[in-house]
Amino acid sequence: MKIGVNKPGVFMGINMLDMKESNSQTVLWSLCSYKTSTIKQLALTTGLSFVTVGNILNGFVESGEVTLGKMYSATGGRPSQAYSFNAEFAHVLGLSARVRKGKNIISACIGNLYGERVWDAEEPFDTIQLSSFDQMINKALRNYSTISLVAFSLPGVERNGVILENDFTTLKGTSFTEYFQKKYELPVIVENDVNAAAFGFSQHTEKVSSIVGIYFPRTFGPGAGVVIDGNIHKGVAGYAGEVNLLPIGVDWITINYDDPKELGAAISKLISIFCGTINPEYVVLYGDFFSEVLKEAIEQAIPSEGLRKIFPVVNYESDLDADILHGLIAQAIAAYQSGLRGNYRQDNENI
């Protein structure tokens with residue numbers, strides 16, 4: 001009988017290096033959830049041995065991802081070494097481009113690995129171009145050279161890194177992702193603005209199976225974002241939530257936003273479309289015109305008793321900026337945890 005010879009680092013078909021890395025990440029993010037913990041507590045949480053957890057933590061102490069905490073004893077016996085997750089070891093950058101009160105604005109925020117915002121900035125631009133984002137990224141990197149990933153929010157459709165549709169026409173057709181990945185040597189995430197907002201809203205809401213966010217900018221047609229079981233639903237070509245494509249007989253540019261009856265009926269009809277397709281638990285309506293009279297008109301205009309029975313809880317928000325940035329940071333950290341991360345070089349000649 002021929003006896004097979006294992007490849008280096010492979011035993012019984014298992015890649016030991018992959019297993020070691022998986023164990024290391026399990027320990028690291030378990031510690032992140034506790035913020036500060038001990039070998040014993042982490043071993044019980046992860047199911048790994050005390051020795052394995054201890055060796056992993058020592059490695060992270062050397063890299064700076066974990067710091068040594070105080071010695072303490074819960075029972076008065078032999079004290080245990082506490083270990084603390086270093087949330088400032090790396091950072092993620094979120095950038096959101098929007099039109100606000102007729103001005104083109106790019107908002108930027110940096111989050112640590114707990115998702116806490118540690119830096120914010122905002123700048124107006126005559127036109128939004130790739131170079132507009134360069135200005136904001138360079139400013140962020142000068143403040144935090146530990147940025148390991150950049151997440152963008154844009155009002156439009158992106159597929160495979162290319163901008164297919166966008167409210168900022170100068171971005172349409174650009175190889176957006178490739179441009180920034182090559183220039184800054186950092187991983188890039190590109191998300192639709194309402195998708196990011198709906199995801200951000202889901203992060204500070206009790207766990208629900210489905211949420212639809214709908215934004216009404218008035219100057220453009222509304223857009224929607226769909227989150228199902230904690231994941232953004234984009235559709236096969238990235239067009240999920242493109243309200244302007246829905247054949248419901250509403251012209252969102254010419255509709256009278258000052259007429260509660262006309263507008264209420266249109267919005268109620270739009271929500272009803274999602275009721276029959278997504279059947280969401282929550283709908284978040286973003287806009288600066290939701291008076292109490294309009295809210296009542298939306299409720300009264302529900303098209304049928306059948307729809308009324310499944311009509312979702314409706315939340316009204318005056319602006320979606322906070323939810324966008326919250327969503328971008330949460331997405332970026334999730335991507336970082338999955339291993340998508342880069343190391344910004346301070347000698348990068350593009351800065």
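Side-chain atoms are counted along with the backbone in the values below, which use heavy atoms only and exclude waters and symmetry mates.
Contact of the Ser148 side chain with the Tyr336 side chain is registered, since non-hydrogen atoms from C-beta on lie closer than 4.5 Å. Two residues are said to be in side-chain contact when any heavy atoms from C-beta on lie closer than 4.5 Å; Ile147 and Leu186 meet this criterion. Leu285 places a side-chain heavy atom less than 4.5 Å from the side chain of Ile271. Pro155 places a side-chain heavy atom less than 4.5 Å from the side chain of Asn166. The shortest distance between side-chain heavy atoms of Tyr286 and Ser318 does not fall below 4.5 Å. Side-chain contact between Asp288 and Tyr257 is absent, with no heavy atoms from C-beta onward closer than 4.5 Å. Between Val284 and Ile214 there is no side-chain heavy-atom pair separated by less than 4.5 Å. In this structure, Ile163 and Leu154 have side chains that are in contact, with non-hydrogen atoms separated by less than 4.5 Å.
The side chain to side chain contact (heavy atoms under 4.5 Å, CB included) test applied to Val313 returns Tyr282, Asn315, not counting sequence neighbours. A search for salt bridge (charged side-chain N to carboxylate O under 4.0 Å, His left out) contacts involving Lys40 returns nothing, not counting sequence neighbours. Residues satisfying the side chain to side chain contact (heavy atoms under 4.5 Å, CB included) criterion with Ser131, sequence neighbours excluded, are Gln129, Asp134.
The backbone N or O of Leu141 sits nowhere less than 3.5 Å from a side-chain atom of Ser145 that would complete a donor-acceptor pair. With Ser175 contributing its side chain and Val162 its backbone, the two residues share no donor-acceptor pair below 3.5 Å. Under a 3.5 Å cut-off, the side chain of Ser202 and the backbone N or O of Phe199 do form a donor-acceptor pair. With Glu158 contributing its side chain and Gly161 its backbone, the two residues share a donor-acceptor pair below 3.5 Å. Without hydrogens or angle criteria, Thr127 side chain to Thr170 main chain gives no donor-acceptor distance under 3.5 Å. Side-chain atoms of Thr174 come within 3.5 Å of backbone atoms of Leu171 as a donor-acceptor pair (strictly under, hydrogens ignored). The closest donor-acceptor contact from the side chain of Ser22 to the backbone of Asp18 lies at 3.5 Å or more, if one exists at all.
Transitive grouping of hydrophobic side chains (ILVMFWY, heavy atoms separated by less than 4.5 Å) keeps Leu113 and Val118 in distinct clusters. Hydrophobic clustering places Phe180 together with Tyr144 (ILVMFWY residues linked when any side-chain heavy atoms are closer than 4.5 Å, directly or through intermediates). No single ILVMFWY cluster, assembled from side-chain heavy atoms under 4.5 Å apart, contains both Tyr215 and Ile273. Hydrophobic clustering (ILVMFWY, side-chain heavy atoms < 4.5 Å, transitive): Val92 and Phe133 are in distinct clusters.
Ring planes of His204 and Phe201: perpendicular class, angle over 60° (limits at 30 and 60°).
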Could you list the donor-acceptor pairs under 3.5 angstrom formed between side-chain atoms of residues 259-267 and any protein atom two or more places apart in sequence or on another chain?
residue	atom	partner	partner atom	Å
Asp259	OD1	Lys261	N	3.1
Asp259	OD1	Glu262	N	3.3

Expected list for residues 290-307: side-chain donor-acceptor pairs under 3.5 angstrom, two or more places apart:
residue	atom	partner	partner atom	Å
Ser291	OG	Leu294	N	3.2
Glu292	OE2	Lys295	NZ	3.3
Glu296	OE2	Gln300	NE2	3.0
Glu299	OE2	Arg308	NH1	3.1
Ser304	OG	Leu307	N	3.1

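Shown here for Ala108 and Leu95, the closest heavy-atom pair between the two residues is CB-CD2, 3.4 Å. Counting all heavy atoms, side chain and backbone alike, Ala43 lies closest to Leu48 at CB-O, 3.4 Å. Nearest heavy atoms, Ser272 versus Ser268: OG-O, 2.8 Å. Shown here for Met71 and Pro79, the closest heavy-atom pair between the two residues is CE-O, 3.9 Å. Pairing each heavy atom of Ser84 with each of Gly69, the nearest pair is OG-CA, 4.4 Å.
In summary, the side chains of Thr38 and Gln81 do not present any donor paired with an acceptor at a separation below 3.5 Å, with no hydrogens or angles considered. Using modelled atom types and a 3.5 Å distance limit, the side chains of Thr52 and Ser49 yield a donor-acceptor pair. Between the side chains of Glu21 and Gln25, a donor-acceptor pair is found at a separation under 3.5 Å. No side-chain donor from either of Gln181 and Thr177 sits under 3.5 Å from a side-chain acceptor of the other. Remark: the Asn112 side chain and the Glu88 side chain contain an N/O donor-acceptor pair separated by less than 3.5 Å.
Atom CZ of residue Phe311 and atom SG of residue Cys275 lie 5.5 Å apart, to the nearest 0.5 angstrom. The OG atom of Ser63 sits 8.0 Å away from atom CG of Leu28, with the distance rounded to the nearest 0.5 Å. Between atom OG of residue Ser96 and atom CG of residue Leu320 there is a gap of 7.0 Å, rounded to the nearest 0.5 Å. Taking CG of Asn138 as the reference point, atom CG of Asn143 lies at 11.5 Å (rounded to 0.5 Å). Rounded to the nearest 0.5 Å, atoms CG (Asn195) and CG (Leu328) are 10.5 Å apart. Going from atom CD1 of Ile211 over to atom CD1 of Ile228 covers 11.0 Å, rounded to the nearest 0.5 Å.
Taking 4.0 Å as the cut-off between side-chain N and carboxylate O, Lys234 and Glu191 count as a salt-bridged pair. Comment: Arg98 does not engage Asp167 in a salt bridge, judged by the lack of any side-chain N to carboxylate O separation of less than 4.0 angstrom.
Applying the ring-ring contact (aromatic ring centres under 6.0 Å, His included) definition to pairs two or more places apart or across chains, those involving residues 227-255 are Phe216-Trp252.
Ring centroids of Tyr114 and Phe85 are separated by less than 6.0 Å, placing the two rings close together.
Tested against Tyr83 for a side-chain contact (heavy atoms from CB on, under 4.5 Å), the candidates Val61, Thr67, Thr36 yield a single pass: Val61.
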Under the side-chain hydrogen bond (donor to acceptor under 3.5 Å, both in side chains) rule, what do Ser210 and Glu281 come out as? Steps first, then yes or no, please. CA-CA 6 Å; Ser210 53; Glu281 292 182 59; 5.0 Å; no
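Around atom CG of Asp126, no more than 12 heavy atoms belonging to other residues, nucleotides or ligands sit under 6.0 Å away.
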